[in-house]
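Lettering of chains follows the sequences in order, A, B, ..., and the numbering in each one begins at 1. Just so it is clear, the values below take in all heavy atoms, side chains as well, and ignore hydrogens, waters and symmetry mates.
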2 protein chains.
Amino acid sequence: MVDTMPKSKILIIEDQAPMRRNVALMLELEGYDTCTAENGLVGIEVAHREKPDLILCDVMMPELDGYGVVQALRVEDAFATTPFIFLTAKSDRSDIRAGMNFGADDYLTKPVVRDDLLAAVQTRLAKAAAIRGRLDDATNASFDPDFTSHEPLQTAFGLTPREAEVLLWVAQGKSNGDVAAILEMSEKTAKQHLGVCFQKMGVESRTAATLAAIEILAKRKA
Amino acid sequence: MVDTMPKSKILIIEDQAPMRRNVALMLELEGYDTCTAENGLVGIEVAHREKPDLILCDVMMPELDGYGVVQALRVEDAFATTPFIFLTAKSDRSDIRAGMNFGADDYLTKPVVRDDLLAAVQTRLAKAAAIRGRLDDATNASFDPDFTSHEPLQTAFGLTPREAEVLLWVAQGKSNGDVAAILEMSEKTAKQHLGVCFQKMGVESRTAATLAAIEILAKRKA
DNA sequence: AGCGCTATCCGACAAAAGTCGGATACCCGA
DNA sequence: TCGGGTATCCGACTTTTGTCGGATAGCGCT
């Protein structure tokens with residue numbers, strides 16, 4: 001891993017060209033990647049193409065206004081958690097409330113000060129990164145089945161306690177002999193129980209049973 | 001699942017008693033659970049005890065002000081994504097920016113209108129729920145190994161391509177005979193390859209090998 | 001008590017899974 | 001070109017796995 005931290009990509013949706021370029025310039029000087037759109041419809045299209053990490057959006061625009069953009073994007077899974085910041089001249093309290101209630105993450109009023117813009121962008125990106133980190137944790141740790149109890153198996157497949165115990169050890173890679181020793185029973189008995197497990201689980205080999213068992217045991221508690 | 005949707009719990013950290021009770025009342029009438037604290041230090045303590053789903057917080061308070069609260073809680077994993085809304089009389093633009101830049105999710109100015117308060121609370125709870133939903137998806141779907149390619153196994157255990165192919169099928173519960181048929185080789189050959197896999201993987205049974213292989217294949221790409 | 005039901009236990013046999021030795025073919029460097 | 005290393009292939013033998021039948025003990029119900 002020698003690749004340097006990838007630049008965050010920011011989409012700017014803004015009607016007026018000078019403003020658009022000005023904001024883009026400020027952000028690029030800070031090392032961000034930028035892309036722009038001149039109205040809401042184009043903005044949504046660009047968002048799909050560029051997958052930005054954060055969206056800055058004007059409110060008053062032709063074709064589709066900022067409220068429409070945030071509504072359209074928020075229902076999409078890909079953008080449900082993308083930080084969305086309004087950047088607009090509409091600075092009345094009611095305007096601000098309306099914008100935030102559409103699900104925006106921040107609301108900057110024009111004329112925007114450089115420091116405010118950068119701080120807001122940084123804060124929201126940091127927050128999004130924190131959330132993404134949590135998601136990664138959840139997915140990377142995805143394989144850690146819980147072998148502490150056989151009850152999940154019992155309920156999942158309708159097994160008897162003893163059968164579930166046998167399956168629990170089999171699912172950890174133990175041989176029939178090992179299981180028999182651990183549970184203090186004859187190896188034949190272990191086999192018998194396991195055979196019943198196969199029937200009830202609808203599988204016909206110890207490996208397939210292991211897979212099914214792991215699938216149950218890997219479900220994690222929130 | 002007959003249990004009714006659990007009420008969201010909201011923590012109100014606010015210096016002035018009348019204001020505190022007023023806000024709490026408004027929220028309770030909407031069906032929320034509330035708990036309160038009269039300053040920042042108490043607020044943090046209550047937050048740990050009650051694990052609120054959302055926090056409303058004044059800025060100017062004795063002991064520890066709102067900025068301090070949000071800073072203290074944001075670094076804790078448990079509260080890193082809990083919606084945090086400032087509720088304060090400090091309505092200057094610079095105050096708002098400061099609050100948002102500390103990582104707050106919204107900023108309401110006193111005197112607060114009932115509709116604004118409820119809308120803000122609802123919006124932020126909805127957003128938090130969306131994020132939580134994603135986390136749950138990630139953890140619940142935690143078991144879906146990717147059986148489309150044998151290369152991960154090859155690199156993970158130093159296997160040859162053919163060996164990895166055999167292991168890939170074995171890890172899906174296939175018998176040696178099945179694997180041989182699928183890969184068009186003799187069953188003996190399949191066994192031979194698998195035996196080498198066992199050595200290289202440091203296991204001694206097909207089930208243990210399956211577990212190790214699944215662990216590799218279950219790691220998900222972001 | 002007598003009956004059916006289930007959970008638990010075990011032994012013997014057939015079918016796999018796993019091990020051993022050996023063979024061919026390829027690539028790469030001496 | 002000629003070994004040395006490796007990937008691939010296969011057959012015979014041993015061990016484990018899976019299946020069949022059968023036995024006992026508890027539990028609820030009539």
Can you tell me how far C1' of dG18(C) sits from CD of E187(B), to the nearest Å?
11 Å
Please table the atom pairs, donor to acceptor, closer than 3.5 Å between any side-chain atom in residues 188-201 of chain B and protein atoms at least two apart or in another chain.
residue	atom	partner	partner atom	Å
K200(B)	NZ	G158(B)	O	3.4
K200(B)	NZ	E163(B)	OE1	3.0

I44(A) meets the side-chain contact (heavy atoms from CB on, under 4.5 Å) criterion, sequence neighbours left out, with H48(A), L64(A), V69(A), A72(A), L73(A)
Among residues 149-176 of chain B, which contact DNA chain C at a heavy-atom distance under 4.0 Å?
S175(B), N176(B)
Listed partners of R20(A) passing side-chain hydrogen bond (donor to acceptor under 3.5 Å, both in side chains), at least two apart:
none
Along DNA chain D (nearest heavy atom to each residue), the more 5'-positioned of L183(B) and S205(B)
L183(B)
With Q122(B) via side-chain hydrogen bond (donor to acceptor under 3.5 Å, both in side chains) - residues at least two apart
none
According to ring pair (Phe, Tyr, Trp, His ring centres under 6.0 Å), who are the partners of Y32(B), at least two apart in sequence or on a separate chain?
none
Comparing nearest nucleotides in DNA chain C, the 5'-proximal residue of the pair S186(A), K200(A) is K200(A)
Restricting to side-chain contact (heavy atoms from CB on, under 4.5 Å), what partner residues turn up for E165(A), sequence neighbours left out?
H150(A), R162(A), L183(A)
So do F147(B) and I214(B) actually touch side chain to side chain, heavy atoms under 4.5 Å?
yes
The bend of the helix from dA1(C)-dT30(D) to dA30(C)-dT1(D), taken between the axes of its five terminal pairs at each end and rounded to 10°, is 30°
If the cut-off is 4.0 Å, is H193(A) near the phosphate of dC9(C), judged by side-chain N/O to OP1 or OP2?
yes
Using side-chain heavy atoms (C-beta onward) and a distance below 4.5 Å, is L168(B) in contact with L217(B)?
yes
Under the side-chain contact (heavy atoms from CB on, under 4.5 Å) test, residues paired with L118(B) that sit two or more places apart
L27(B), E30(B), R114(B)
In chain order, what residues pass the side-chain contact (heavy atoms from CB on, under 4.5 Å) check against S205(B), with sequence neighbours excluded?
T207(B), A208(B)
Quick one: list whatever passes side-chain hydrogen bond (donor to acceptor under 3.5 Å, both in side chains) with D116(B), sequence neighbours left out.
R93(A)
For atom CD of Q199(B) and atom P of dT19(C), their distance in whole Å
8 Å
Without decimals, in angstroms, what is the distance between M201(B) CE and dG18(C) P?
12 Å
In the 5'-to-3' direction, what one-character label does each nucleotide of nucleotides 19-24 of chain D receive under the scheme B = base within less than 4.0 Å of a protein heavy atom, S = sugar-phosphate only, - = no such atom?
BBB---
